[in-house]
Amino acid sequence: MKSFIQRHSDKIKGVLSGLDRIRFRGTLRSIAHPWGLKHYLQAAGVLLKDFKNYVLGLTRQVQQATQRVAQEAGRPLVYLPQSTTSKEDQARAIAKRDGITHGLVAIFSTIELCWSFEVAYHRDTRFLYLRPGKRKCLHYYHYYLDPDFGLLHARVQSWLPFTLHVCLNGRERLARQMDQAGLRYVQRDNCFVDVGDFAQAQALLDQQLQFAWSPWLTRLAAQAQPAHATLWGGRALDYYWSVDESEWATDVVFRSPADLAGLYPRLVRHGIETLSSRDVLRYLGRKQPQHCPLAEVVSDYQVRPEGTRVKHWLNHNAIKMYDKQQAVLRVETVVNNPQDFKVYRTAEGDDDGSKQWRRLRKGVADLPRRAEVSQAANARYLEGLAAVEEKAPLGALAARVCRPVTWQGRRARALNPLAQADAQLLAAVTRGEFAINGFRNRDLRPLLYGTRPVGPAERKRQSATVTRHLRLLRAHGLIKKVAHTHRYVLSNQGHKVIAALLAARQADTATLLQAG
């Protein structure tokens, strides 16, 4: 994203990249699946016919313990008939009303969906069995004002397997870190419109990734789920902590609202028309066609009270851009499904084994790698935005790609951006969904050849052709290969050149004559 920062350096105060909202999940792994729960019930001497009564007894213990916590702390326990009610707004109002500066603020209870178990009858075998699935149960939201993390909450499921979620905000943590360091800042909502020393603030944000999350979360769970220690009859069932959802935000802080207001409409248009695809309007609010190898691709544009947002969804992950507090340009990567990414590690449970590129896990151990891939996505997106208002003449940008080059000892032909085939190729590699995780040969084939079913020979021919296309783009420096993978991403030069070429191709004659 250096090109974007350099281009607008006279208008930018500084940049901060780090955790925004993050939701941890505590799971009792040994009873989180039917096989493990069945063996636990057998060890506890509980028959399946008595399952419901047994679990109701556990739930009553959780409810009674929660009521005692509220009473002993002198804090309200409030039932919310609508689960969509903003619990955070209510918690902030209660804290302000009662002058709460630390500790438990309030506990809210509400009925919500959960993942749990029930006993069902198998007609063929005529046996009872445990059936997992979604059901509704009572949940407790414990809101705390923490001295290190500010306002956070722990969500406790009151029905077995008693899954627990903890949600906090990295920007709230940063504010308290800067308070301790004596660093001046101006905070509005969950962003900073001014910081005395951006480099020092960034160093504090980086420290959050080294925090000992699991012990801290375990201590918080003991407060929010006080019945846990007595539920299991002396058996040790510990919570396993994973990252259910993370938001990694890069905030570009502008010197004045006018500087951002003058630039942002062009960034929004660029994000929709170029970074998404030439057909982005057809994708607004719609799913990707079924033939696409990726499960779901959606791009949308929305005007909200806090700013105008452009968002691209990909397989439950997303990258989005919006303006906050009139002075902050935020690019944010949301990761719900980390399996789209890779991490270089040993196999789980084999610490002494050889390291390989493996699927990124949800466990907190892989949080630094999650942050790395999220920051890379933000940087690529901002690098793409750097193409807006490119000052270099189009002829200078296109000069290299419009003539043959030699790459790795072999000649590569010139690109012809005015020809349909080359323009289609350039548009395909700049689609917004590829900004998160890059693209592969198989991702480009449906875009270039359509969805018509083909035989193995034709599929092999198409794959070979796309391979040659990828080599051509690499030879011209427009894309680069992601190490140890079969994925490619746009290079810094590729963002600028392709955006300019596609924009010029779509411009009408009058516009081009006026620009000349």
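Atoms considered below: every heavy atom in the structure, side chains included; atoms not considered: hydrogens, waters and symmetry mates.
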Fill in: Between Ser158 and Gln63, a side-chain donor and acceptor under 3.5 Å
no
Worksheet entry | Carboxylate-amine/guanidinium contact Arg171 Asp189, below 4.0 Å | no
Discussion item. For Asp443, is there an ion pair with Arg440 - N to carboxylate O distance below 4.0 angstrom?
Written reply: yes
Item to complete: Would you indicate whether His122, at its atom NE2, is surrounded by more than 12 heavy atoms from other residues, nucleotides or ligands within a distance under 6.0 Å?
Response: yes
Worksheet item: Is the ring centre of Tyr239 less than 6.0 Å from the ring centre of His228?
Response: yes
Worksheet entry | Ring centroid separation Trp357 to Tyr344 under 6.0 Å | yes
Worksheet item: Between Lys362 and Asp244, does at least one N-O distance fall below 4.0 Å, as a salt bridge requires?
Response: yes
Discussion item. Does Lys87 qualify as a cation-pi partner of Phe108, given the criterion of NZ or CZ under 6.0 Å from the six-membered ring centre and within 45 degrees of its axis?
Written reply: no
Practice prompt. Kindly indicate whether a cation-pi arrangement holds for Arg135 with Trp159, taking the cut-offs as under 6.0 Å to the six-membered ring centre and within 45° of the axis.
Written response: yes
Discussion item. Any salt bridge linking Asp148 with Arg176? Criterion: basic side-chain nitrogen under 4.0 Å from a carboxylate oxygen.
Written reply: no
Worksheet item: Under 4.0 Å between a Lys/Arg side-chain N and an Asp/Glu carboxylate O for Arg155 and Glu112?
Response: yes
Worksheet entry | Distance-minimising heavy-atom pair for Ala201 and Val195 | CB-CG1, 3.8 Å
Worksheet item: More than 12 foreign heavy atoms under 6.0 Å from CZ of Phe127: is that the case here?
Response: no
Practice prompt. Not counting sequence neighbours, which residues clear side chain to side chain donor-acceptor pair (under 3.5 Å) with Arg131? List them please.
Written response: Glu118
Discussion item. Looking at Arg369 and Glu372, is there a salt bridge between them, counting it only when a charged N and a carboxylate O are closer than 4.0 Å?
Written reply: yes
Item to complete: Would you please classify the geometry between the His142 ring and the Tyr140 ring as parallel, tilted or perpendicular, with 30° and 60° separating the classes?
Response: perpendicular
Item to complete: Flag the pair Phe149 / Phe211 as yes when their ring centroid distance falls below 6.0 Å, and as no otherwise.
Response: yes
Item to complete: Hey, can you tell me if Trp213 and Trp216 have their rings parallel, tilted or perpendicular (30° and 60° cut-offs)?
Response: perpendicular
Discussion item. Looking at His39, I want to see if its NE2 is surrounded by more than 12 non-hydrogen atoms of other residues, nucleotides or ligands under 6.0 Å.
Written reply: yes
Discussion item. Take a 6.0 Å sphere around CZ of Arg188 and say whether it holds more than 12 heavy atoms from other residues, nucleotides or ligands.
Written reply: no
Item to complete: May I ask you to decide whether Arg29 forms a salt bridge with Asp238, counting only side-chain N to carboxylate O separations under 4.0 Å?
Response: no
Worksheet item: So, Trp248 and Glu332: side-chain donor and acceptor under 3.5 Å apart, yes or no?
Response: no
Worksheet item: Is the Tyr143 ring parallel, tilted or perpendicular to the His153 ring (thresholds 30°, 60°)?
Response: tilted
